[in-house]
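Remember, predicted model here, so these are calculated numbers, not experimental data. We name chains A, B, ... by the order of the sequence lines, and we start the count at 1 in each one.
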Amino acid sequence: MTRIRTELFRQEAGKALNNRHLQEALSDFQERISKATATAFSSLSDAEGLRLEARRARMRAIENLDVLLDRLADKILNRGGRVFFARDAREAVEYCLETARRLGVKKVVKGKSMVAEEIGLNEALQEADIQVCETDVGEFIVQLAGEPPSHIIAPAVHKTKVEVGRLFSEKLGIPYTDDPVALTRAARNALRQRFLEADMGISGCNLACAETGHITTVSNEGNIRMASTLPRVHIAIMGMERIAARLEDHDVLLRLLCMGAAGQRLAGYVSYLGGPRQPDQEDGPDEFHLVVLDNGRSRILADEDFREILCCIRCAACLNVCPVYGKIGGHAYGHVYCGPVGSVLTPLLVGVNRAKDLCLGETLCGACRDACPLHIDIPGMLLRLRSKLADGDDGWGVKRERPAEKLFFTLWAGLVRSPGLYALALTAAAFLQRLPPGAKDTITRLPYPFHEWTQSRDIKRLDGRAFRKRWKELR
Amino acid sequence: MNGRKEATLFVPCIIDGMYPEVGEAMVEVLRRLGVELCYPAGQTCCGQPAFKAGYRKEAVVAARHFIRTFESAGTVVCPSGSCVAMVRHRYPELFRDDPGWLEKARAVGGRVFELTEYLVDVLGIEDVGARYRGKVTYHDSCDLLRGLGVREQPRKLIGRVRDVEFVEMKDSERCCGFGGVFSFKYGDISTAILKDKVRNILDSGADTVVGCDMGCLMNIQGILSRTRHPVRAMHIAQLLAGSSDALPSPARRVPHPPCR
Ligand code: SF4
């Protein structure tokens, strides 16, 4: 099972902040991609209309998920494919392992799949003595390095070319080079071999379409196309929410996905898969399996406050504008989904208490909501998650965090509804705050629990003559 | 507008307690424009700090108090985008299961305006007769920009201040890393974001950075002061209060009616 490291958020974030290379890489990347995306959107004649349409289509699909998934499954079954509905990670992994065992699979090639990461599929396959090779170059690099991906679209964004050069010379046995072209060629050679040897291909699913009974994968390297057609068996894994009702909806979403992800009109390769090779077809696997994964999604679906997050098409547009992601990178989030979308999705999947830092460690600036092609209200959901942490929530099994803070706000609530007391408290506080060190009107060191602020910043002292007092003279 | 202009002031807690001079500056600007002002003495905090930290029950207490205080007021003006966004957009969520309060919240929310919004959109004034000698850049606060959609109003107002040289900084719309409780709880991440903001301010060559929300400005000023950069962080009300003698200034002291 994949390791969840959400508890290490602070520690990992701290490491990232001290990593100069990472800081530069992240800021360059965000700058480049967010501009490209913004330009691409502004080149559309009716970007806003498209977004609204997409949002409506997504919400509709999610509300009719059972019907749509049935329709998709029927079509795939009719073409000779198999469909498996997995309630949780264990069931999904078991199904994949069983299929591999039955067919005597020894080597697997994979195309980028976050869901596979979510269920810990690689580890499980390796434990069963099956070789797994990631085929997206970024994923290939992080796999060689023994790390999880750090960005939804650019998994190895945190690696410099020098690091990749060292990694390749060590793991692939090529002479050291940090020339991107030479490195890409080395990766390509290594991957070619793996493609030809593999007997099973595993991919994710960017979108599915109920009307046509297909799933769609996109890539810019063509690797997913190879992974899904070369080996004799293919397993596609999709989160149960990744479906569109009609081809029309699918088309709009696909365009927004490519645009949100990399500012492209369309990705380099788009594959539509709907079953095993048919008698009149030359390419394709003998067996095609679709695993539809729940793993906590139906619980999200059942909660109106969070249902909206299931609209997400994992385009990563929100990552590319998030000031916090831009500083701490993807690993700090401690789970496969990172950035703003991860800060909502991960707590809902792995437990809100466990991922509390993800809910609290965001500025709520709202850039993600603006950038999201579906206008998903991520800050709104973060606020709701925070309220669960503040007061506990039985439905989601959340325990109250920080009782001292609760007490503080209870007292605060008593003050804000009684103006007389409030004014008195303000005067008292203005007096007390003469104690911490600093200059006449600034404090340079605040006591716990406010001390983090003054590690890098001064703060102004309260003014003994609050506006409420001054007003009397202004009248 | 039938000639008579009146507004009720909401001075948010940070300004009330820490930066009362910003409140005074706002009063100065509005009076210069002939707006009759009143200030309900019972006002406290809009509830934003509690709400953003997740303490909704406590935020509801503050919200009810705010609504009671301003229920009978006409137009309410507030020199903080995030507080206005709180009242306008978050109160309805707080009271979503409480139809009676929801209705009151919506009514008050529809009458609360952020200062620059009030000046430009409600009063239709861009030139408030101010003068300031300096090179000014502007930081877009997140709640003001994305929550209220206020982008051009402050720029128009700054553009009409005499003697000001205005420069846009890079990424003016990017968060400064404040985020309320966030900046206290995750001080190092907040600082890393803030440092980018400060670099952009310094790179712009401005000697003054202007904003419409004291939270962000407190954050920015905090690091400028610590690192001894001579750049000034200034609330837009303060910039607009610097008056221009060359301009006829309308009745400076408008008598004010008692608050209803
Ligand atoms: S939340 Fe929106 S922007 Fe972020 S990955 Fe999902 S669809 Fe893209």
I'd like to know whether CZ of B:R151 has more than 12 heavy-atom contacts from other residues, nucleotides or ligands below 6.0 angstrom. yes
If one checks every heavy atom of A:I328 against chain B at 4.5 Å, the contacting part turns out to be side chain
Pick whichever of A:K472, A:Q30, A:K469 has the most heavy-atom pairs under 4.5 Å with chain B. A:Q30
Value for OG1 (B:T8) from CZ (B:F70), rounded to nearest 0.5 Å, stands at 7.0 Å
Do you know which of A:E405, A:E362, A:R465 has the most heavy-atom pairs with chain B at a distance under 4.5 angstrom? A:E405
If I measure from the heavy atoms of chain A, does B:K170 come under 4.5 Å with its side chain, its backbone, both, or neither? side chain
Is B:N219 close to chain A through its backbone or its side chain, or both, or neither, when contacts mean heavy atoms under 4.5 Å? both
Can you tell me which portion of B:E93 sits under 4.5 Å from chain A's heavy atoms? Options are side chain, backbone, both or neither. side chain
What part of A:Y448 gets within 4.5 angstrom of chain B, counting heavy atoms only: side chain, backbone, both, or neither? neither
Side chain, backbone, both or neither: which part of A:K460 has a heavy atom under 4.5 Å from chain B? both
Side chain from CB out, backbone as N, CA, C, O: work out which of these in A:E401 comes under 4.5 Å of a heavy atom of chain B, or both, or neither. backbone
Among B:V181, B:L145, B:D196, who wins on heavy-atom pairs under 4.5 Å with chain A? B:D196
Could you look at A:L383 and say if it's the side chain, the backbone, both or neither that has a heavy atom under 4.5 Å from chain B? both
Report yes if some heavy atom in the side chain of B:E36 is under 4.5 Å from a heavy atom in the side chain of B:K5; otherwise report no. no
Heavy-atom side-chain proximity of A:L319 to A:P340 below 4.5 angstrom: yes
If I measure from the heavy atoms of chain B, does A:D305 come under 4.5 Å with its side chain, its backbone, both, or neither? side chain
Let me know if B:C176 has heavy atoms under 4.5 Å from chain A in its side chain, its backbone, both or neither. neither
Is any side-chain heavy atom of B:R31 less than 4.5 Å from a side-chain heavy atom of A:L474? yes
Given that the side chain runs from C-beta out, which part of B:F51 has a heavy atom under 4.5 Å from chain A: side chain, backbone, both or neither? both
Using salt bridge (charged side-chain N to carboxylate O under 4.0 Å, His left out), reason through A:K15 and A:E12 one step at a time and then give a plain yes or no. CA-CA 5 Å; A:K15 270 194 233 158; A:E12 293 293 320; 3.1 Å; yes
Determine the option with the most heavy-atom pairs under 4.5 angstrom with chain B, choosing from A:R386, A:R468, A:R417. A:R468
Of the backbone (N, CA, C, O) and the side chain (C-beta and beyond), which part of A:R461 lies under 4.5 Å from a heavy atom of chain B, both, or neither? backbone
Using heavy-atom distances under 4.5 Å, tell me whether A:L382 contacts chain B through its side chain, its backbone, both, or neither. neither
Under 4.5 Å to a heavy atom of chain B? For A:T427 that would be neither
Contact check, side chains of B:R146 and A:P379, non-hydrogen atoms, under 4.5 Å: no
Between B:Q43, B:K195, B:R96, which shows the greatest number of heavy-atom pairs under 4.5 Å with chain A? B:R96
With only heavy atoms counted, which part of A:L389 is less than 4.5 Å from chain B, the side chain, the backbone, both or neither? neither
Contact part of A:K406 toward chain B, heavy-atom cut-off under 4.5 Å: side chain, backbone, both or neither? both
Compare every heavy atom of B:G54 with every heavy atom of A:A390, then report the nearest pair and how far apart it is. CB-O, 3.3 Å
Geometric class of the B:F95/B:W101 ring pair [parallel <30°, tilted 30-60°, perpendicular >60°]: parallel
Side chain, backbone, both or neither: which part of A:S27 has a heavy atom under 4.5 Å from chain B? neither
Side chain, backbone, both or neither: which part of B:L9 has an atom under 4.5 Å from a heavy atom of chain A? side chain
With only heavy atoms counted, which part of A:D357 is less than 4.5 Å from chain B, the side chain, the backbone, both or neither? both
Against chain A, label B:R90 side chain, backbone, both or neither, depending on which of its atoms sit under 4.5 Å from a heavy atom there. side chain
Contacting moiety of A:F409, where chain B heavy atoms sit under 4.5 Å: both
